[in-house]
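Computed from a prediction, not measured in an experiment: that's the story for all the values here. Sequence positions, counted from 1, serve as the residue numbers for this chain.
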Amino acid sequence: MPPEKIEELMKKPIVATGTVSLVAAKSTDGQPDANGNKRMSIVAYNGGLMNVGWGRPVGIELSGLKWRDDMAVPILCQHKKDSIDAICGQATKVSHDGRSLSLEADFMPVSEDAKKVYELAKAGFKFQASVGVSAQEVFYVDKDTKCLLNGSEVEGECYIVRAGTLNEVSIVPLGADGSTQTAITAAANQTGKEGAMPEDKNKPVEGAKPTDTATVEAAAQNAERERVASVIAACKGHDDIMAKAVKEGWTAEKAELECLRAEKAAKDQETIEAGRPAAPAIINLRASVPKDAKTVVAAACFGAAMSDKDVEATCKGVDLDAAHDLGITRLSDIFAAFGFTYRPGNDASTMAAIKAAFSNADIPNVLSNIAHKFVLAGFGSVGEDWRRISRAVPVSDFKAVKGVRLVMGGLLKSLAKGGELQHVDLSDEARTIQAATKGSIVGITREDLINDDLGVLAMIPERFGQMAGRTINKDVFGALSSTASDYGANTSGALAIGTLATAYALALGIKDSSGDPIGAIPNKILCSPSNFLTARNIYQSEHIVSGASGKTPANNEMRNLLEPITSPFLSGTKYWLFNDAFPLVDVAFLNGRTTPVVETAEANFSQLGIQMRCYYDYGPSAGELKAAVYSTGA
């Protein structure tokens, strides 16, 4: 049994059920004292296994159970630990004989709950005692395993509470074990026989008056009237809840809690309604007041069929309900949202609206933002395997930048006299990296504007994104060197477990220019699609059947060592072993932007429509090759 499971169970109190009897206190002459406290005798626990809601039977080791030093354990009504009105008395003696737990207690019918218990006991109701224990140490007994519990042998599966605390004892109508028959002898002033309990439910205790059926019914009716009255008082202003509570027998506490929940739900709904924009501001796209640009962008993304999940991810901080309700489904709706209208199919109207709209900064920004979000969707759809073998290096311009490799020769040096640090020579470890621009341009034509198709704002940028994704994948994987001397070690041979083990051993032995181990233990293998399944099988298989082992499977010594990576932009049999902290390629990104840029503008005089361009500022170069192993794979 996991320790965390036992710790979770220990948070749940153990409730054991036993018998309780109520008798009168005696005066000095041994006769019942009508003015004295009533006495209770409780057999709380019989020492065996119980079902207490832990999923398996539970037993309490009595020798490990503790309680208050003064033995004044509270006697409550129905475990109401936070209510003074629930106090029914307190224990005067707590003891066990190694097999069962017993309590002697004063019963104090002062509070309303205690009075009800007393009256119902006088009427003949047989109460039970529910004893609450919190566990401090729990032992789990496995299935078919036996152990000793309070002098008796028990068999698992079960839990044994070796240490716990007795917190309180409650008087309840029905305890954890409904089959246990208990009684409170409330005829305390009619008998001097302390602790007497009926041996037969039809045979009264000697000297006691038989229970009157009419008295029992009257007590039950009084209790029901009191319950209904308290429920009605608790449900003031909530007639529907009151009717249900009275009909289904709820307590006043449960009814009051349900009313509080209903009030909170009503307040929450009022807050939601108050936060929603008024209907005219949403419905009238051509109102003179311009709409919020971010809301228009989100609305256009919805209208161009971007998924709700993607809109939520890319339009954070935007009221998406307002964007949904804006209902942008056409290109002209975007212009209309900012007060610029045109009639699709009318050239003069269309061109005039476009010219006026592009004089407003919001329109080109909105179109660019919409396009950018679809560019990102297309950019990610072609795969971003290039990121798994590369590192992004931000640059501020397009000039060649000299960088320093992570793999540098030598170790840290001891301080010279006077505490001076000694310099490391980086001349052999430097390399250059440079960003360049790639891009394309396309137009939203006059025909698109006449057709008023919002889909062009999704389709064209998404294609741009896919083009950019394919381009950077091709360039990054194309930057991988096939010159063996560029790497920390190199080898050959078709990819198999034997050749891979040799390459792995070579990687572990790579040293820097000073002859010290680099310590870049490889965790990735990069290969072409033709070798990917072989690499994955070696990575995942627990056993390998090879020519050396015949038909008998041998343990796979390379399992889980090298996670395979592939790309459709690789071909041939060559493969690389590297540690992802020492990437194979460095990619320079202008100003650190790792995604393509999309911009829109009004077309020039010789064209009718809107132009859209996509460009990407990046440049790949060789990375930490001296920490990697290269194999020709042949």
Side-chain angles (χ1 to χ4, degrees), residues 10-25 33 35-47 50 52-53 58 60-97 100-122 125-137 161 163-177 180 182-186 188 194-195 197 223 230 251-254:
M10 287 171 63
K11 296 177 183 178
K12 300 180 181 179
I14 300 173
V15 179
T17 303
T19 60
V20 55
S21 61
L22 177 63
V23 299
D33 184 358
N35 297 320
N37 280 345
K38 310 301 181 289
R39 299 281 297 165
M40 287 186 291
S41 296
I42 301 172
V43 179
Y45 172 51
N46 64 8
M50 309 169 291
V52 297
V58 178
I60 303 173
E61 191 68 59
L62 290 173
S63 61
L65 190 65
K66 60 182 180 180
W67 47 82
R68 291 173 50 158
D69 292 339
D70 59 1
M71 298 192 182
V73 176
I75 309 298
L76 306 177
C77 179
Q78 300 191 99
H79 298 289
K80 299 177 185 177
K81 294 182 289 185
D82 298 325
S83 173
I84 196 171
D85 292 330
I87 296 175
C88 293
Q90 65 184 15
T92 58
K93 181 181 179 182
V94 184
S95 61
H96 71 83
D97 58 4
S100 62
L101 176 68
S102 302
L103 293 88
E104 298 293 330
D106 283 335
F107 183 73
M108 306 170 184
V110 177
S111 67
E112 291 300 319
D113 285 346
K115 289 178 181 177
K116 290 178 183 179
V117 169
Y118 183 65
E119 292 300 323
L120 287 171
K122 284 178 62 178
F125 189 86
K126 298 177 181 180
F127 283 99
Q128 291 183 324
S130 182
V131 180
V133 174
S134 58
Q136 277 87 47
E137 182 180 344
V161 178
T165 301
L166 176 63
N167 298 317
E168 50 90 13
V169 178
S170 285
I171 298 174
V172 295
L174 185 65
D177 183 0
T180 304
T182 64
I184 296 179
T185 306
E194 182 175 345
M197 293 184 63
S230 61
T251 63
E253 290 80 3
K254 180 179 179 180

Peer 1: About how many Å separate SG of C88 and NZ of K116, when rounded to the nearest 0.5 Å?
Peer 2: 11.0 Å

Peer 1: I75 and A91: which non-hydrogen atoms are nearest, and at how many Å?
Peer 2: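 Heavy atoms only, the tightest pair is CG1-N, 4.0 Å.
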
Peer 1: Which value, rounded to the nearest 0.5 Å, describes the distance between E253 atom CD and K80 atom NZ?
Peer 2: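 Taking CD in E253 and NZ in K80, the distance rounds to 4.5 Å.
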
Peer 1: Does D97 reach the main-chain N or O of S100 with its side chain, forming a donor-acceptor pair under 3.5 Å?
Peer 2: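 Side chain of D97 to backbone of S100: a pair is present.
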
Peer 1: Locate the shortest heavy-atom distance separating E104 from S41; write the atom from each residue and the value.
Peer 2: OE1-OG, 3.0 Å

Peer 1: So, applying side-chain contact (heavy atoms from CB on, under 4.5 Å) with V73, which one of T92, N167, L166 is it?
Peer 2: L166

Peer 1: Distance from T165 atom OG1 to L65 atom CG, nearest 0.5 Å?
Peer 2: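 Separation between the atoms: 7.5 Å.
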
Peer 1: Any donor and acceptor pair, going by atom type alone, linking the side chain of S111 with main-chain N or O of A86 inside 3.5 Å?
Peer 2: no

Peer 1: Under the rule for salt bridge (Lys or Arg N to Asp or Glu O under 4.0 Å), what residues qualify as partners of D70, not counting sequence neighbours?
Peer 2: R68

Peer 1: Compare every heavy atom of A114 with every heavy atom of I87, then report the nearest pair and how far apart it is.
Peer 2: O-CB, 3.7 Å

Peer 1: Which atoms form the tightest heavy-atom contact between Y118 and P109, and what is the distance?
Peer 2: CB-CB, 4.1 Å

Peer 1: Quick one: pull up OG in S63 and CD1 in I60 and give me the separation to the nearest 0.5 Å.
Peer 2: 11.5 Å

Peer 1: Does the pair L76 and S170 meet the rule for a side chain to side chain contact (heavy atoms under 4.5 Å, CB included), with working shown?
Peer 2: CA-CA 4 Å; L76 306 177; S170 285; 3.7 Å; yes

Peer 1: Show the nearest heavy-atom pair for residues K93 and M71, with the distance to one decimal.
Peer 2: CA-SD, 3.7 Å

Peer 1: Might you work through the side chain to side chain contact (heavy atoms under 4.5 Å, CB included) test for H96 and Y45, ending with a clear yes or no?
Peer 2: CA-CA 9 Å; H96 71 83; Y45 172 51; over 6 Å; no

Peer 1: May I have the step-by-step check of side chain to side chain contact (heavy atoms under 4.5 Å, CB included) for W67 and L103, ending in yes or no?
Peer 2: CA-CA 11 Å; W67 47 82; L103 293 88; over 6 Å; no

